[in-house]
Amino acid sequence: TCIRLSKRRCRVDHRLPVGGRRRRGAQCDARKGTGAVNPPCHAAEPGTTAGRLPPSPFSCGIMAAMAVRSRPRYRWWRPWLRWLRLAVVLWLVVTIALVGVLRFVDPPLSSFMAQRVLGAWWQDEPGFQLRHQWQPLQRMAPAMWLAVVASEDQTFPDHHGFDFEALRKVAAEHLAGEGSRGGSTISQQTAKNLFLWPERSWLRKGLEAYFTVLIESLWPKRRILEVYLNIAQFGRDEFGVEAAAQAFFGIPASALTAEQAARLAAVLPAPNRYRAQPPGDHVRERSAWIQAQMRALGGPAHLERIAPD
């Protein structure tokens, strides 16, 4: 047998007790003082008093080297991977809980509103006043529900957050160099306005898709439409239908006519460029198109599956 004394030397012990058992400690350790136990360098046949010829120090060194190589090596990225997994789990828990709570609690502020307030403060805009007043869907004119659906997302009652046919058409138009309209649904716009930022990027698109899936999974269609109509930007400082109706027409959202609702919906693609009152040529043309689409959809009956009575 051999006993590992250091990394370079191995002492050979020829003595075996009667019965062929090895003496305690007659094994090779991979490292001195590690306590690791390797297969014996020499073993006796059971029932005999003599074993095989003792191995050379060279063979004992090979066995020790093999044991050293079998030890797990340190991976510098493992702590980072552990923190990354923890961050992902925390992100999922926080975002799912937040979206779940907002199904029942009206958000006092959206991401777009917060960015507008910070921008006005940073640029020191005189006379700035954010206009926003929450109203439940029952206190809005049914024409307003239908106007935004006819303008922004006509398949809103049927899809599950994404209109893939509209996305295909938009992609074909962009590849052909025609038009610049987007293919976002009301669910996607709600996720963007409530949680994200307006600048386009692949990161924002990815987060928008993630929050859209959460919203469609945890909110009914009625709640999605209600939140969207209360946080959508209709003017430079006007957010929500109630504030827009008061600012542009001097009436509450419940008293909006079909024409007024169509004007408000017409400015949604670019509320900082267009105004509902007084309307420009573009707003007039788009408003007429939206009213035609409202009639083609069958009026408020198009939303009777999701809207309250």
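If you're wondering where the values come from, they're calculated on a predicted model, not measured in any experiment.
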Between [X] and [Y], is there a donor-acceptor pair closer than 3.5 Å when you use the side chain of the first and the backbone of the second?
| X | Y | value |
| --- | --- | --- |
| Gln115 | Leu196 | yes |
| Glu285 | His282 | no |
| Trp219 | Val99 | yes |
| Glu152 | Ile186 | no |
| Asn230 | Pro136 | no |
| Thr95 | Trp91 | yes |
| His302 | Gln154 | yes |
| Arg131 | Ala243 | no |
| Arg204 | Pro198 | yes |
| Gln233 | Arg236 | yes |

Does the pair Arg139 and Glu242 meet the rule for a side chain to side chain contact (heavy atoms under 4.5 Å, CB included), with working shown?
CA-CA 9 Å; Arg139 296 184 183 177; Glu242 181 66 26; over 6 Å; no
Quick one: do Asp163 and Arg168 satisfy salt bridge (Lys or Arg N to Asp or Glu O under 4.0 Å)? Show the steps, please.
CA-CA 9 Å; Asp163 187 351; Arg168 185 188 64 79; over 6 Å; no
Could you tell me if the side chain of [Y] sits less than 4.5 Å from the side chain of [X], heavy atoms only?
| X | Y | answer |
| --- | --- | --- |
| Val227 | Leu102 | no |
| Arg116 | Phe128 | yes |
| His132 | Pro108 | no |
| Lys192 | Gln188 | no |
| Ile215 | Tyr228 | no |
| Gln135 | Pro252 | no |
| Pro142 | Leu146 | no |
| Arg200 | Lys205 | no |

Residue pair Thr212 / Glu208, side-chain donor-acceptor N/O under 3.5 Å
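Result is no, nothing qualifies.
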Which is it for Arg286 and Tyr274 under the side chain to side chain contact (heavy atoms under 4.5 Å, CB included) test, yes or no, and what are the steps along the way?
CA-CA 11 Å; Arg286 184 163 177 80; Tyr274 305 118; over 6 Å; no
Work out which heavy atom in [X] is nearest to a heavy atom in [Y]; give both atom names and the distance.
| X | Y | result |
| --- | --- | --- |
| Ala276 | Val267 | N-CG1, 3.7 Å |
| Ala147 | Ala262 | CB-N, 4.1 Å |
| Leu268 | Ala232 | CD2-CB, 4.0 Å |
| Val213 | Ser217 | O-OG, 2.6 Å |

Asp281, CG atom: more than 12 neighbouring heavy atoms under 6.0 Å:
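Counting other residues, nucleotides and ligands, CG of Asp281 stays at 12 neighbours or fewer.
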For the residue pair Phe195 and Phe211, does the interplanar ring angle fall in the parallel (under 30°), tilted (30 to 60°) or perpendicular (over 60°) class?
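Phe195 vs Phe211 ring planes: parallel.
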At what distance, to the nearest 0.5 angstrom, does [atom1] of [X] lie from [atom2] of [Y]?
| X | Y | atom1 | atom2 | value |
| --- | --- | --- | --- | --- |
| Trp197 | Leu207 | CH2 | CG | 5.0 Å |
| Leu81 | Leu86 | CG | CG | 11.5 Å |
| Phe156 | Leu303 | CZ | CG | 8.0 Å |

Partner of Phe239 under side-chain contact (heavy atoms from CB on, under 4.5 Å), chosen from Asn193, Ile231, Leu130
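So the option named by the test is Leu130.
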So, are Arg275 and Glu238 salt-bridged, with charged N and O less than 4.0 Å apart?
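So Arg275 does not pair with Glu238 through a salt bridge.
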Side chain to side chain contact (heavy atoms under 4.5 Å, CB included) between Arg284 and Arg263: does it pass, once the steps are laid out?
CA-CA 7 Å; Arg284 287 194 183 94; Arg263 284 191 192 178; 5.9 Å; no
Report yes or no: do Leu98 and Val88 belong to one cluster of Ile/Leu/Val/Met/Phe/Trp/Tyr joined by side chain heavy-atom distances under 4.5 Å?
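Leu98 and Val88: one cluster.
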With side chain to side chain contact (heavy atoms under 4.5 Å, CB included) as the criterion, how do Trp145 and Leu229 come out once you've worked through the C-alpha distance, each side chain's angles and the decisive distance to 0.1 Å?
CA-CA 8 Å; Trp145 319 334; Leu229 288 173; 3.9 Å; yes
